[in-house]
Amino acid sequence: MTRILVTNDDGIHSDGLIVLARALERLGEVTVVAPAHEMSAASHSLTLTRPLRVDRIDSRHFSVDGTPTDCVTIAIGHLMKDRRPDIVLSGINRGPNLGDDTTYSGTVAGALEGTIHGLPGIAVSLVTRSNFDYTHAAEFAATLVEKVLADGLPKGTLLSVNVPVGPVRGVRITRQGVKTAKPSVIVGVDPRQRHYYWIGEDYSTPIHDDGTDYAAVADGLVSVTPLRNDLTDYRALDELRGKGWIPSHEARTGGAR
Ligand code: MN
């Protein structure tokens, strides 16, 4: 029996998670371990400074008062210890996770945490700001899960999937794009007359370069970006090694420590 772990960053009561879990039920046994409250932009954070509480809703639904990464860690390390999942799904996020926003995403982190434990991961996000109809995205996710379970993914790879709202018109395998960042910080005064600073709407401009996730969704297509936890910039690695301008203790001593 295929076992599917589902988490998200919008919280266990979010529609995107409920619709996704329901769509996956035909593929196997679905266990939901999700944050008790919204954890959007939690990135890959792990809670170490306080204990976590798990609320068992029923034998297949658990909420954790932590991040998506906490949820996957507790699921694999405890709740599903004796019946490890075969795949980790995260989502469906209420809004896109594209380009430079990828590393802020708690949705992506949930699937990423799975890959660290050797499991294939898929993060699913709905590309919309207003019409939150998750049905087509959930159907697409279920089809993709079937494909990944049958064919596998390279070890350590997760797929970040961004689905435009409405029926799926096509799919493109993409790379992570880049945006022109424009921070928006709202300054206000609290009831004690102290200033507060609230990070506001993202007014950044996505750059629609060919092959990017941004370009795919702008063309109305599902974007599927393979990601992995190794953030090494391999182009810079060769360049920096070639230049030899960073003082290297290893170079002088022949590698002895
Ligand atoms: Mn979210």
Side-chain angles (χ1 to χ4, degrees), residues 1-36 39 54 56-64 68-76 79-97 105-128 132-153 157-168 171 222-227:
M1 177 73 151
T2 300
R3 282 187 284 263
I4 304 170
L5 171 61
V6 179
T7 192
N8 76 344
D9 77 356
D10 295 331
I12 194 152
H13 300 296
S14 79
D15 289 344
L17 175 106
I18 293 163
V19 175
L20 176 63
R22 196 180 301 145
L24 295 172
E25 260 158 25
R26 67 177 165 86
L27 302 179
E29 184 186 275
V30 176
T31 303
V32 173
V33 184
M39 282 289 156
V54 177
R56 181 186 183 279
I57 295 156
D58 60 39
S59 61
R60 298 267 169 273
H61 292 80
F62 304 84
S63 74
V64 176
T69 302
D70 293 332
C71 292
V72 174
T73 301
I74 287 177
I76 293 173
L79 298 171
M80 302 178 77
K81 204 162 107 187
D82 302 321
R83 17 176 225 102
R84 257 171 84 90
D86 299 292
I87 190 166
V88 179
L89 268 285
S90 187
I92 297 169
N93 190 60
R94 186 182 166 87
N97 280 303
S105 169
T107 306
V108 170
L112 176 65
E113 185 60 20
T115 68
I116 291 175
H117 298 280
L119 303 172
I122 303 177
V124 188
S125 307
L126 189 69
V127 184
T128 180
F132 295 99
D133 176 1
Y134 296 97
T135 47
H136 298 288
E139 254 331 291
F140 180 80
T143 311
L144 192 60
V145 169
E146 263 183 311
K147 187 95 186 119
V148 166
L149 287 171
D151 298 348
L153 277 178
T157 296
L158 68 131
L159 301 177
S160 178
V161 182
N162 281 272
V163 187
V165 84
V168 170
V171 184
V222 174
S223 165
V224 178
T225 311
L227 301 172

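Fair warning: this is a prediction, and the values are worked out from it, not measured in the lab. All heavy atoms count here, side chains included; hydrogens, waters and symmetry mates do not.
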| message | Using the rule given for side-chain contact (heavy atoms from CB on, under 4.5 Å), can you reason through V33 versus T7, listing the C-alpha separation, both sets of side-chain angles and the distance that settles it, and then say yes or no? | response | CA-CA 5 Å; V33 184; T7 192; 5.6 Å; no

| query | Do the non-hydrogen side-chain atoms of I87 and I4 ever get within less than 4.5 Å of each other? | reply | yes

| Looking at V108 and S160, what are the two nearest heavy atoms and their distance? | CG2-OG, 3.9 Å

| task | Verify, without hydrogens or angle tests, whether D9 (side chain) and T107 (backbone) share a donor-acceptor contact under 3.5 angstrom. | result | yes

| field | Shortest non-hydrogen contact between G110 and V88, atoms and distance | value | O-CG1, 3.7 Å

| said: Could you tell me if the side chain of L112 sits less than 4.5 Å from the side chain of L227, heavy atoms only? | reply: no

| Would a 4.5 Å heavy-atom cut-off, applied to side chains only, mark L153 and T115 as touching? | no

| message | For a 4.5 angstrom cut-off between non-hydrogen side-chain atoms, does F62 reach I74? | response | no

| request: Dump the intermediate steps for side-chain contact (heavy atoms from CB on, under 4.5 Å) on L17 and D10, then the final yes or no. | output: CA-CA 8 Å; L17 175 106; D10 295 331; over 6 Å; no

| task | Under the side-chain contact (heavy atoms from CB on, under 4.5 Å) rule, what do V163 and H136 come out as? Steps first, then yes or no, please. | result | CA-CA 8 Å; V163 187; H136 298 288; 5.6 Å; no

| query | Does the pair I116 and V72 meet the rule for a side-chain contact (heavy atoms from CB on, under 4.5 Å), with working shown? | reply | CA-CA 10 Å; I116 291 175; V72 174; over 6 Å; no

| request: Indicate yes or no: at least one non-hydrogen side-chain atom of L144 is less than 4.5 angstrom from one of V171. | output: no

| So, for E146 and L27, which heavy atoms are closest and what is the spacing to 0.1 Å? | CG-CD2, 3.2 Å

| query | Do you know which of S90, S223, S105 makes side chain to side chain donor-acceptor pair (under 3.5 Å) with N97? | reply | S105

| Considering only heavy atoms from C-beta outward, does the side chain of L149 approach that of T2 to under 4.5 Å? | yes

| Over all atoms of both residues, closest heavy-atom pair of L24 and A142 | CD2-CA, 3.9 Å

| task | Report the residue from R3, R84, R83 that forms a salt bridge (charged side-chain N to carboxylate O under 4.0 Å, His left out) with E29. | result | R83

| query | What's the shortest heavy-atom distance between F132 and L126, and which atoms? | reply | CA-CD2, 3.9 Å

| query | Mind checking whether M39 and P68 have side chains closer than 4.5 Å, heavy atoms only? | reply | yes

| Do V30 and V6 have side-chain heavy atoms sitting under 4.5 Å apart? | yes

